[in-house]
Amino acid sequence: MPLVFQAQGVSPGIAMAPAVVLNRHEPEDPARRTAEPAAERVLLASSQVRMRSELTALRDHTLRDLGPIQAEIFDAHLSMVADPELAGLIEAIVDEGWDAPTAVFRACQSFIELLSELEEEGQRSRAEDLRDLRRRWLGLLSGKACSGPTVGTPCILVADDLTPSETAGLDLAFVKGFLTAAGSRTSHASILARSAGLPAATGAGAVLAAVQPGQLVAFDGRTGEVVLDPDAGQQARFLAVQAAEAAERARQKRYAALQTVTADGAHLDLAANIGRVEDVGAVLGNGAEGVGLFRSEFLFLDRDRPPTEDEQTAVYTHVLARLSGRPVVIRTLDIGGDKVLPYLPLDPELNPFLGVRAVRLCLGRPELFRTQIRALLRSSPAGDLRVMVPMVALVEEVAQVRALFAEEAAKLTAAGVPVAKFQLGIMVEIPAAALNARALADVADFFSLGTNDLIQYTMAADRMNDKLTHLYQPLHPSILRLVDLTVQGARARGRWVGVCGEMASDPEAALVLLGLGVDELSLSAAGIPAMRELLSRVDRSRAAATAHLALGMGTAAEVLTLVRSRHPELQKEDQGEAP
Ligand code: PEP
Ligand code: MG
């Protein structure tokens, strides 16, 4: 019997494949007795064999796709599975009359406690590895995959939550999409899914409760519709939508070769948001007029130590060179909030999104920041570099960052390393920055509106909280007024303004942003041709009049009705030839 659910689509596309259920909750002691220790020993032996083959496959895939450092973790897990002391303790517990999962849980627990008490950090991190291994092992014994998709078969990942690191580490050869209970359109796992073209939906708690591992799941990452065990008719419907979307993308692709020009002949830059070097192909393929946001922190995820200065220099130089003189906005590290690094322990905070994040963290960790600064400076001759500082609240923060850049540039120049001119701008994503835009425009070369955070901070609604998605309202007049203030502040000092939050990819919102006078929209590369097509039909002065009316309204719903009623081009399905 098919079961239909409604989740929130956060990354478009159709996915249909068997489910792999990822359960990261810390397991509890099953505390189950057995009358048949011999049967439990057989179960244990076969689970050990399967663990070894699963871990070996994971290690080999990771080695091939990500490199030896990332693969080390699975070597560590493999040696733990083979550890005679651990195996001996597990067997002893079974001999006392406990079942296999109880024995695995308790044996691992005693080693975890032992390792956790040791002073040395390396030993404590072995305790973490052992916890990970235990989750996987218990999952295997219970028939659920625990810390990663079953390697080697296409699947849909169903999970409570996915961290940005976990998302970055997914093997896209097999993971066809993911469904999570937590998260939202602007959580970083969703952002990564969109840039990788991976269908995703959040708010899928009910699916998680109902799904069985291996059950066929189909979902639409645009509408959020999820079906467990779809029948033949439903499968055909999903496949028809998939084919129609592919045809529409193929039609719009013709706009990739054009410039972005509005109906009245004005030029606007459509840039792309990227997080990985691999995204550059899509940037060029979709005809972006630059990179409007390179989330450099994604280079720091999914590994066990930060990239070195040389590694970073190579990546930034490569991206600048491939963009052949088109602007590339590289954002300095935005760690904190939902992005945590295993090798950079942060003090626990009650509200990490309001805590030591982004520029606040960088200014408190000068070595980490100076390494990135030097890499950026060394890459500057390779193209049109624009460095962007996230989470700026104060003029003083920009001054401090500028001083660090100046110091490092002077050292490099003295050492004979060439450094080229570049712009240093800021993200406007805290309401205080928008309200003080005029003063910030004195110290920043450009602004880029980070509406994902601007909306969460203006609405006081955590962007990760799936119960508050109704408060994510890009068209709310309070947001539009902050955008307007930012543009006015920039104009007064002759600075340019871009928008790199997800708001820039929404057709109605993009039209209002154009009307408010922004110079650049930056979105995921795949969305560029469609947005370029839409903008080619929009008259700028009409959009400006719409935006002016919107600024005087009271609700997002009123703004939406206004925009739709004044701009039939939003509805029009242009099936004709591209100009
Ligand atoms: C934003 O806040 O809008 C933004 C682009 O940055 P991030 O989503 O990475 O916080
Ligand atoms: Mg942000």
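For ligands, and for the atoms within them, numbers begin at 1 and follow the listed sequence.
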Could you tell me, atom by atom, which parts of ligand 1 come under 4.0 Å of a heavy atom of [X]?
X	answer
Gly501	3 (O), 5 (C)
Cys500	5 (C)
Ile191	8 (O)
Leu293	5 (C)
Asp453	1 (C), 2 (O), 3 (O), 10 (O)
Gly450	1 (C), 2 (O), 3 (O)

For [X] and [Y], which I'm curious about, is there any donor-acceptor pair between the side chains at under 3.5 Å?
X	Y	result
Gln8	Thr469	no
Thr546	Arg566	yes
Ser296	Gln372	yes
Glu248	Gln252	yes
Gln488	Asp484	yes

message: Please confirm whether Arg357 approaches ligand 1 to less than 4.0 Å, judged on its heavy atoms.
response: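 Yes, Arg357 has heavy atoms under 4.0 Å from ligand 1.
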
message: Quick check on Glu502 - does any of its heavy atoms sit under 4.0 Å from an atom of ligand 1?
response: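 Checking ligand 1 against Glu502, which is what was asked, there is no heavy-atom contact under 4.0 Å.
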
message: Holding to salt bridge (Lys or Arg N to Asp or Glu O under 4.0 Å), I want the full list of residues that pass it with Arg374, two or more places apart in sequence or in another chain.
response: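 Partners of Arg374 by the salt bridge (Lys or Arg N to Asp or Glu O under 4.0 Å) criterion, ordered by chain and then number, come out as Glu309, Glu408.
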
- request: Mind running salt bridge (charged side-chain N to carboxylate O under 4.0 Å, His left out) on Arg357 and Glu297 for me, showing each step along the way?
  value: CA-CA 12 Å; Arg357 189 191 151 187; Glu297 63 278 3; over 6 Å; no

Proximity of Thr186 to ligand 1 by residue part, where a heavy atom lies under 4.0 Å: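 The answer is neither; Thr186 stays 4.0 Å or more away.
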
query: Does Leu449 approach ligand 1 within less than 4.0 angstrom via side chain, backbone, both or neither, non-hydrogen atoms only?
result: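 Leu449 to ligand 1: no contact under 4.0 Å from either part.
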
query: Counting both backbone and side chain atoms, is some N or O of Glu297 under 3.5 Å from an N or O of ligand 1?
result: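 Between Glu297 and ligand 1 (N or O atoms, distance only) the closest approach is not under 3.5 Å.
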
message: Under 2.8 Å from the Mg ion (ligand 2) - does any N, O or S atom of Glu429 fall there?
response: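 So Glu429 counts as coordinating the Mg ion (ligand 2), yes.
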
query: Between Arg326 and Leu284, is any pair of side-chain heavy atoms under 4.5 Å apart?
result: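 Side chain of Arg326 against side chain of Leu284, heavy atoms only: contact under 4.5 Å found.
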
query: Heavy-atom distance to atom 8 (O) of ligand 1: which of Met503, Lys339, Arg463 wins?
result: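 Answer by nearest heavy atom: Arg463.
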
Considering only non-hydrogen protein atoms, determine which one is nearest to [atom] and report residue, atom name and distance to 0.1 Å.
atom	answer
atom 7 (P) of ligand 1	His188 NE2, 3.2 Å
atom 5 (C) of ligand 1	Arg295 NH2, 3.4 Å
atom 6 (O) of ligand 1	Arg331 NH1, 2.9 Å

- request: May I ask you to decide if Leu514's main-chain N or O and Arg540's side chain share a donor-acceptor pair within less than 3.5 Å?
  value: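 Not at all, since once roles are kept as given, no pair shorter than 3.5 Å links the two residues.
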
query: Hey, which N, O or S atom on Asp453 ends up closest to the Mg ion (ligand 2)?
result: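 So the atom name we want here is OD2.
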
message: Show, in sequence, the C-alpha distance, side-chain angles and deciding distance for Lys339 and Asp334, and conclude whether the salt bridge (charged side-chain N to carboxylate O under 4.0 Å, His left out) test is met.
response: CA-CA 8 Å; Lys339 286 172 288 196; Asp334 185 358; 3.8 Å; yes

task: Report the C-alpha distance between Arg185 and Ser190 in whole Å, list the side-chain angles of each, state the deciding distance to 0.1 Å, and finish with yes or no for side chain to side chain donor-acceptor pair (under 3.5 Å).
output: CA-CA 6 Å; Arg185 203 183 147 66; Ser190 307; over 6 Å; no

